[in-house]
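One structure is given below, encoded as structure tokens.
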Protein chains: 2
Amino acid sequence: MPAQTPIGLQLTRGAKEISAAFNDALAEAGGSLPVWVVLISLKTRRLGNQRELARAVGIRGATLTHHLNAMERDGLVTRRRAPDNRRIHLVELTEQGEALFHRLRAAAVAFDRRLRTGVSDEELATFASVLGRMHRNVSGVDRPAGPRPGGPE
Amino acid sequence: MPAQTPIGLQLTRGAKEISAAFNDALAEAGGSLPVWVVLISLKTRRLGNQRELARAVGIRGATLTHHLNAMERDGLVTRRRAPDNRRIHLVELTEQGEALFHRLRAAAVAFDRRLRTGVSDEELATFASVLGRMHRNVSGVDRPAGPRPGGPE
DNA sequence: TATTGTTATACTCTATAACTATA
DNA sequence: TATAGTTATAGAGTATAACAATA
């Protein structure tokens, strides 16, 4: 007899508000969720081109271009062509981009602390583990990537 | 020494994809996440007016109007003024709306089964409990409800 | 012809502000 | 004047399709 909790809906709705709160925390520090993910990817990984960056961020190439345009306009990144293969655009953080990265990291850490209040390390580990399994359970490669909610949206 | 898992980001990103998969499952059944939540609220609760409905769904009144316009156009609901207080619009499911509700419920149940694969009842209970606590931890009433990310926003 | 990225356009979900109708 | 809801407008995030540049 399986549990009857509608966990999909519960997760979707709960996470929507938690994500909104996370985004608010990042906005107060001058960023946003997609910008934060792009910055992390740029700092953390050695990425060859924008396609890899888009994949790491979990969005399409054209959508990444959209964000990079804004980030370049705001002086957070520079784009230049790679000398050896001029099709590739090298994306690099400016000093301002570095500074924003550190501010957003502090905001993210503070948000995490708030989020974890009253949650034991063991519970947190279980939570993360289950989340990961659920993610894999539904991350079929069969999804042809239509328009995404909002999102949600 | 607190755990160092960046759980906020992990949750936000994981849930984004899980929500997208959920929405896809609902879309295959002819619906969407917001439509599903509206239908559930209409079926489950006795709601006096659209404001209460909007609150139950977690969106603003104008946003609800937007969805109800589409749902009315699609023949899922009807709106008529309450005889005793003609300011209030009574929202009611049509037969088509009822039918869609049942199709979406089946899709949601199937999605949940898929989501829960390899997750014990005990783990699921912990997961739901932690999610609820996290939600409360960041659901400050101080958030003045600005524009929400897509997508979840 | 294949690869990398950009531009043009559009869609979904959400919101606020201004408005109409009713009380 | 207060309440219920709609209309008008906007904005963030995402996507596909068509295009340009490079190899």
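Predicted model only: the values in this text are computed from it and were never measured.
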With sugar-phosphate meaning primed atoms plus P, OP1 and OP2, does A:Arg51 contact a base, only sugar-phosphate, or nothing at under 4.0 Å between heavy atoms?
base
Side chain of B:His89 - closest among C:dT7, D:dG13, D:dT6
D:dT6
Does atom CZ (B:Arg81) have a neighbourhood of more than 12 heavy atoms from anything else shown, all under 6.0 Å?
yes
note: B:Gln50, atom CD; C:dT20, atom P; distance rounded to Å ~ 19 Å
Salt bridge check: are A:Arg45 and A:Glu52 linked by an N-O gap of less than 4.0 Å?
no
So, does B:Thr65 get its side chain near the phosphate of D:dT6, meaning an N or O under 4.0 Å from OP1 or OP2?
yes
Nearest whole angstrom, please: distance from the C1' of D:dT14 to the CG of A:Leu68.
15 Å
Would you say a side-chain N or O of B:Thr63 is under 4.0 Å from OP1 or OP2 of C:dC13?
no
From C-beta outward on B:Arg87, which listed nucleotide comes closest to its side chain: D:dA15, D:dA23, C:dA23?
C:dA23
Taken to the nearest whole Å, NE2/A:His67 to C1'/C:dT6 is 15 Å
Please confirm whether the shortest side-chain N or O distance from A:Ser32 to OP1 or OP2 of D:dG13 is below 4.0 Å.
yes
NZ (B:Lys16) and OG (A:Ser19) are apart, to the nearest 0.5 Å, by 10.0 Å
I'd like to know whether B:Val91 forms a side-chain contact (heavy atoms from CB on, under 4.5 Å) with B:Asn49, so could you lay out the CA-CA distance, the side-chain angles of the two residues, the decisive distance to 0.1 Å, and finally the verdict.
CA-CA 8 Å; B:Val91 182; B:Asn49 57 37; over 6 Å; no
Atom CZ of B:Arg60 to atom C1' of D:dT9: distance rounded to whole Å?
17 Å
Rounded distance (Å) that lies between atom P of D:dA4 and atom CG of B:Asn85
8 Å
Any side-chain N or O of A:Lys16 below 4.0 angstrom from OP1/OP2 of C:dC13?
no
Classify A:His66 by what it touches in the nucleic acid, base, sugar-phosphate, or nothing, heavy-atom distance under 4.0 Å.
base
May I ask you to verify if any side-chain N or O of A:Asn69 is less than 4.0 angstrom from the OP1 or OP2 atom of C:dT7?
yes
5' priority, DNA chain D, between A:Asp84 and A:Pro34 [closest heavy atom]
A:Pro34
Measuring from the side chain of A:Asn49 (C-beta onward, heavy atoms only), which nucleotide among C:dG5, D:dT7, D:dG5 has the closest atom?
C:dG5
Give a yes/no answer on whether the side chain of B:Arg79 brings an N or O atom under 4.0 Å of OP1 or OP2 in D:dT6.
yes
Protein-nucleotide distance (B:Met71, atom CE; D:dT6, atom C1'), rounded to Å
17 Å
Is it true that a side-chain atom of A:Arg79 and a backbone atom of A:Glu72 form a donor plus acceptor pair closer than 3.5 Å?
no
Please report, rounded to the nearest Å, how far the P atom of D:dA15 is from the CD atom of B:Glu17.
10 Å
Is the shortest side-chain N/O distance from A:Arg86 to OP1 or OP2 of D:dT22 below 4.0 Å?
yes
Does atom CD of A:Glu95 have more than 12 heavy-atom neighbours, drawn from other residues, nucleotides or ligands, at distances under 6.0 Å?
no
Measure CZ/A:Arg80 against P/C:dG5 and give the value in whole Å, please.
14 Å
